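Report on the following structure.
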Amino acid sequence: MKSQRRPAHWPTHWAGKPTPSFSAAAHNVLAEQLAAYPLDVVHVSEDSDVDKFLLDPVVDYVAAVAAETGPALLLIPNTLSGRDVAGRLSARLKAGLAADVTEFHIAGGAVACTAPKMAARW
Amino acid sequence: MKIVVTVKLVPDPNAEKRLDPQSKHLVRSGVETVLNPYDEYALEAALQLRERMPGSTVTVFQYGTEALKRRCAKRWRWVLTKRPILAIRRSRVATCGRRSLAMSRALAKIGFDLLIVGGLTDDGSTGAVPGSLAEHLQIPCVTIARKVEIADNRLSVERETDTGYQTVGVPLPALLTTALTFGEPRYASLKGIMGAKKKTIAALSVADLELDAPVGTSGSKVEIESFAPPPARGRGRVVEADDGAAGAAAIFEFLRERGSLNNEGRHRLRRTPRRPDAQSNV
């Protein structure tokens with residue numbers, strides 16, 4: 001596991017500020033692409049099993065990152081594999097799960113989500 | 001091989017749905033229920049595997065109330081081979097997290113070599129239950145299987161991924177969810193329907209499951225705050241054009257106004273992920 005942490009003296013608010021650069025993990029194409037976004041930290045898995053499109057190592061890896069960093073919220077794309085990973089992580093991390101979310105906001109220590117149900121048809 | 005299939009009754013996709021303003025859950029009474037369409041494929045997969053593996057049994061597991069138990073008795077007893085259906089009685093509606101924990105305890109009690117689960121339900125559609133079940137049961141989870149081979153207590157599964165097909169090997173016991181390409185679900189045979197009445201349904205109660213928190217909404221981390229019907233769609237704008245070129249220009253102008261075009265005047269194509277329900281009529 002390799003993390004690139006944003007230098008402490010950078011302002012926490014990212015707007016208009018330089019984006020993080022990569023050194024050791026620069027070989028990772030996706031990490032390079034992500035560097036163009038105003039992110040604070042990017043974690044890159046060096047486990048080659050992740051590249052084999054197996055989900056077990058992905059779940060293990062994200063769970064390990066979550067255990068290390070203690071996120072308040074995990075956002076997972078709603079792809080076929082994203083659904084699998086989300087279901088497994090919610091059980092492993094004992095976290096609540098909302099699927100198919102189209103909007104959300106944080107209020108009072110909770111996240112309020114809007115999601116279509118019953119194919120938004122009733 | 002002992003195969004267990006989990007099933008759920010869901011409101012008829014074509015029926016009018018209502019939400020209870022008090023509980024904020026779907027009103028299920030008085031609504032025609034059908035077997036969750038994804039579970040039909042799970043059942044079909046189980047029956048195909050039973051045919052290929054003589055001596056195998058199929059047990060159907062349903063998480064639901066006493067009333068559901070009676071209803072499911074009518075509906076899918078025909079698929080069983082001397083094995084009872086097992087059902088859990090529950091007190092209140094559960095969200096998928098608590099539900100999958102309760103289900104996993106029950107399934108561990110029943111025991112299985114292969115657990116086949118529908119990939120999604122037609123009502124909740126979180127798609128999180130299979131993954132959560134596998135985590136709680138500590139078994140491998142292979143989703144969206146379209147072909148399965150069994151040899152030496154191992155499965156070789158061809159599954160659908162976001163980008164194509166993938167073949168994975170997995171030891172038993174394991175959890176499988178079925179793709180809608182696994183095979184067209186069969187109809188009950190007349191003999192099966194006639195023999196259905198003789199089959200018994202066993203039930204587990206929540207108390208049997210040794211859970212440390214309630215199964216219902218009170219044990220859930222997710223709370224439904226409110227619900228609303230989808231906003232009504234306004235009438236579209238009708239463009240009347242003299243010929244195709246004028247019509248195309250009008251559409252182009254409309255897209256440009258909406259900001260749907262990029263700098264080169266091309267439509268911003270949104271990549272929509274392929275979903276497991278892409279082929280269903282939901």
Side-chain angles (χ1 to χ4, degrees), chain A residues 30 49-64 66-67 72-122, chain B residues 10-11 13-19 26 95-98 100-101 104 119-120 122-137 140-144 159-164 166 168 177 179 220-231 273-277 280-282:
Chain A
L30 183 61
D49 281 349
V50 171
D51 300 333
K52 291 179 196 155
F53 301 98
L54 292 174
L55 292 180
D56 284 357
V58 176
V59 174
D60 290 345
Y61 184 75
V62 180
L73 191 61
L74 266 179
L75 300 175
I76 299 172
N78 191 4
T79 56
L80 292 182
S81 47
R83 266 182 194 273
D84 288 357
V85 168
R88 295 179 58 180
L89 282 174
S90 76
R92 200 178 287 189
L93 304 172
K94 296 188 170 50
L97 180 130
D100 293 326
V101 172
T102 52
E103 278 171 46
F104 71 91
H105 64 269
I106 313 288
V111 56
C113 307
T114 304
K117 286 290 163 197
M118 307 295 307
R121 197 182 65 173
W122 64 67
Chain B
V10 297
N14 299 317
E16 189 83 2
K17 311 288 186 320
R18 276 192 312 116
L19 291 165
L26 201 63
T95 45
C96 61
R98 299 301 303 172
S100 45
L101 179 62
S104 69
L120 271 180
D122 206 27
D123 47 0
S125 354
T126 58
V129 169
S132 304
L133 277 179
E135 281 291 318
H136 290 308
L137 290 163
C141 173
V142 181
T143 50
I144 329 173
R159 60 181 297 266
E160 292 179 12
T161 70
D162 294 307
T163 47
Q166 174 187 53
V168 294
T177 74
S220 171
K221 290 196 169 128
V222 181
E223 188 187 339
I224 300 173
E225 284 186 354
S226 63
F227 58 82
R274 224 153 40 95
R275 288 164 52 116
D277 54 352
S280 81
N281 58 353
V282 179

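Being a predicted model, the structure only gives us computed values, none of them experimental. Throughout, a chain's letter reflects where its sequence line sits, starting with A, and its residues are numbered from 1.
- Within the 3.5 Å criterion, the main-chain N or O of Arg88(A) finds no donor-acceptor partner in the side chain of Ser132(B).
- Looking at Ala112(A), the atoms closer than 4.5 Å to chain B (heavy atoms on both sides) all sit in the side chain, from C-beta outward.
- Distance CG/Asp100(A) to CG/Asn78(A): 5.0 Å, rounded to 0.5 Å.
- Here Gly131(B) is the residue among Cys141(B), Pro130(B), Pro140(B), Gly131(B) with the most heavy-atom pairs under 4.5 Å with chain A.
- Considering only heavy atoms from C-beta on, Leu74(A) comes within 4.5 Å of Leu93(A) through its side chain.
- Using a 4.5 Å cut-off between heavy atoms, Val142(B) does not touch chain A at all.
- Remark: side-chain polar atoms of Ser104(B) are not paired, donor with acceptor, to backbone N or O of Leu137(B) under 3.5 angstrom.
- Contacts between Ser90(A) and chain B at a heavy-atom distance below 4.5 Å involve the side chain alone, from C-beta outward.
- Once rounded to the nearest 0.5 Å, the distance linking CG of Leu120(B) with CZ of Arg83(A) reads 4.5 Å.
- Val59(A) touches chain B through its side chain: at least one heavy atom from C-beta onward sits under 4.5 Å away, while N, CA, C and O do not.
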